[in-house]
Amino acid sequence: VSTQSTWGPFNRIIESAFENIPTHMSTDKADTKPKSGELLADADKDLVGASIFISYSRKDKAFVKNLYDALAIDDRNIWVDWEDIPPSNDWLDEIHKGIEQSDCFIFVLSPDSIRSEVCNWEVDHAVKNGKRIIPVVCRDVDYREVRKELASLNWIFFRPDGDDFDAAMKLLLKAVDLDLRHARYHTKILVRSIEWERHDFEKSLLLTGNDLTRAKHWLSASALGKEPKPTTLHLSFITASDSLANSMKKRRLIAIFFAVIVLIAILMPSWGVFFFALIFSHFFVYFSST
């Protein structure tokens with residue numbers, strides 16, 4: 001009996017095993033692949049300035065327009081809802097998306113904004129997603145009436161009766177662009193992790209390769225004190241990505257070792273059958289336990 005005919009069934013099993021061991025993360029779903037601009041490497045490109053979401057009361061619209069014009073000179077992305085549209089599910093989804101995709105959240109403090117239900121919804125979402133929040137004061141407010149997430153932060157004063165607008169703008173720009181690359185990574189990883197969560201934790205959406213390496217370095221920088229800090233979702237996403245990457249490495253090593261044993265079995269049939277049976281059994285025990 002020839003060696004080829006003896007080992008034919010085993011060869012087919014081997015080929016099948018290799019087909020089921022992915023060498024890289026991929027997916028058949030076109031809409032789940034990271035699009036251009038979503039890779040973490042893109043966070044290093046065109047660092048013009050932090051993207052900003054501005055939360056304000058409609059009664060402070062004139063001040064916000066001046067603030068917007070002063071911030072827009074750097075061609076940075078600024079998200080402002082200028083329309084007085086009644087709240088709806090689609091509208092709220094757009095607000096949430098605007099907050100999630102912005103590097104910084106500016107809250108315009110005034111007696112009206114701290115009482116606004118919509119403004120408080122926006123603050124809730126910014127806090128939930130770990131955004132850098134910068135309160136700016138356009139009209140005096142009672143400190144005791146300001147929610148603790150805003151009251152505990154440093155305020156920048158733009159009041160019309162005595163505050164220097166230009167000096168305040170310098171302070172604001174410094175605060176907005178502090179640790180810009182770190183803040184940009186925070187946003188990029190957040191957007192990817194929210195997409196992962198919305199797709200029922202689809203494995204193909206996890207970080208791989210250089211993206212995973214950058215995310216782990218970013219996490220280390222956060223642990224050393226850089227702001228903004230990662231959220232629970234950030235941590236879950238990066239941990240799941242790392243776990244899957246380690247699992248893929250183990251599977252590739254086992255596949256290589258398995259191939260070597262099979263080769264020995266083909267070249268030395270007398271010892272090969274014994275080794276093949278031994279390793280084959282361990283191979284399936286491993287995969288059945290992971």
Side-chain angles (χ1 to χ4, degrees), residues 22-27 32-53 76-77 96-106 123-134 149 152-154 172-253 290:
T23 58
H24 65 280
M25 290 305 301
S26 63
T27 174
T32 58
K33 291 182 180 179
K35 301 180 181 65
S36 176
E38 293 179 352
L39 297 174
L40 296 191
D42 294 326
D44 294 331
K45 300 176 182 177
D46 302 325
L47 289 176
V48 175
S51 55
I52 299 170
F53 184 99
R76 67 177 73 236
N77 291 324
H96 284 172
K97 190 178 295 184
I99 295 170
E100 292 159 8
Q101 295 178 354
S102 296
D103 303 322
C104 182
F105 181 91
I106 292 178
V123 173
D124 287 339
H125 201 66
V127 171
K128 174 186 174 183
N129 288 283
K131 290 298 174 179
R132 173 179 291 157
I133 300 176
I134 303 175
E149 294 92 344
S152 61
L153 301 172
N154 292 326
L172 178 58
L173 288 171
K174 184 178 179 181
V176 164
D177 291 332
L178 181 65
D179 289 330
L180 179 55
R181 183 172 279 102
H182 184 84
R184 186 68 50 82
Y185 270 51
H186 183 283
T187 301
K188 290 284 185 180
I189 298 172
L190 176 67
V191 171
R192 293 277 297 271
S193 62
I194 290 173
E195 191 72 9
W196 172 65
E197 184 181 45
R198 287 173 179 167
H199 283 83
D200 295 324
F201 310 105
E202 169 61 47
K203 289 183 179 179
S204 64
L205 293 174
L206 291 170
L207 299 168
T208 61
N210 290 334
D211 276 359
L212 178 56
T213 301
R214 288 186 176 93
K216 290 164 72 174
H217 288 166
W218 173 81
L219 205 57
S220 297
S222 299
L224 293 174
K226 283 202 172 186
E227 300 281 351
K229 295 292 186 185
T231 64
T232 301
L233 185 57
H234 279 101
L235 296 173
S236 299
F237 183 58
I238 296 172
T239 301
S241 299
D242 195 36
S243 296
L244 184 61
N246 289 333
S247 176
M248 291 300 102
K249 286 179 183 178
K250 289 179 182 178
R251 294 187 181 197
R252 283 194 290 271
L253 288 174
T290 57

Asker: Can you check whether Ile194 reaches Phe237 side chain to side chain, under 4.5 Å on heavy atoms?
Answerer: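 Ile194 does not reach Phe237 side chain to side chain.
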Asker: In sequence, state the C-alpha distance, the side-chain angles, and the governing distance for Phe53 and Asp103, and then conclude on side chain to side chain contact (heavy atoms under 4.5 Å, CB included).
Answerer: CA-CA 8 Å; Phe53 184 99; Asp103 303 322; over 6 Å; no
Asker: Below 4.5 Å, heavy atoms only, C-beta onward: do Val176 and Arg132 meet side chain to side chain?
Answerer: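 No - every pair of side-chain heavy atoms lies 4.5 Å or more apart.
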Asker: Phe105 versus Ile134: any side-chain heavy-atom pair under 4.5 Å?
Answerer: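 Side chain of Phe105 against side chain of Ile134, heavy atoms only: no contact under 4.5 Å found.
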Asker: Report yes if the side chains of Asn77 and Ser102 come closer than 4.5 Å at any heavy-atom pair, otherwise no.
Answerer: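 No, their side chains stay 4.5 Å or more apart.
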Asker: Treating Thr231 as the side-chain partner and Gly130 as the backbone partner, does any N or O pair qualify as donor plus acceptor under 3.5 Å?
Answerer: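 Pair absent, no side-chain N/O of Thr231 close to backbone of Gly130.
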Asker: Is any side-chain heavy atom of Pro228 closer than 4.5 Å to a side-chain heavy atom of His182?
Answerer: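 Counting from C-beta outward, Pro228 and His182 do come under 4.5 Å.
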Asker: Would you say the side chain of Ser236 lies within less than 4.5 Å of the side chain of Phe201, judging by non-hydrogen atoms?
Answerer: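 Of all side-chain heavy-atom pairs linking Ser236 with Phe201, none is under 4.5 Å.
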Asker: Taking the side chain as every heavy atom from C-beta outward, state whether Lys203 and Leu244 have any pair of such atoms under 4.5 Å apart.
Answerer: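 When only atoms from C-beta onward are counted, Leu244 and Lys203 do touch, with a gap below 4.5 Å.
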Asker: With a 4.5 Å cut-off on side-chain heavy atoms, are Leu190 and His234 touching?
Answerer: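 They are in contact (side-chain heavy atoms under 4.5 Å apart), so the answer is yes.
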Asker: Could you check Glu227 against His186 for side chain to side chain donor-acceptor pair (under 3.5 Å), going step by step and ending with a plain yes or no?
Answerer: CA-CA 9 Å; Glu227 300 281 351; His186 183 283; over 6 Å; no
Asker: Indicate yes or no for a side-chain donor-acceptor contact from Asp177 to the backbone of Gly49 under 3.5 Å, with no hydrogens or angles considered.
Answerer: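 Not a single qualifying donor-acceptor pair exists.
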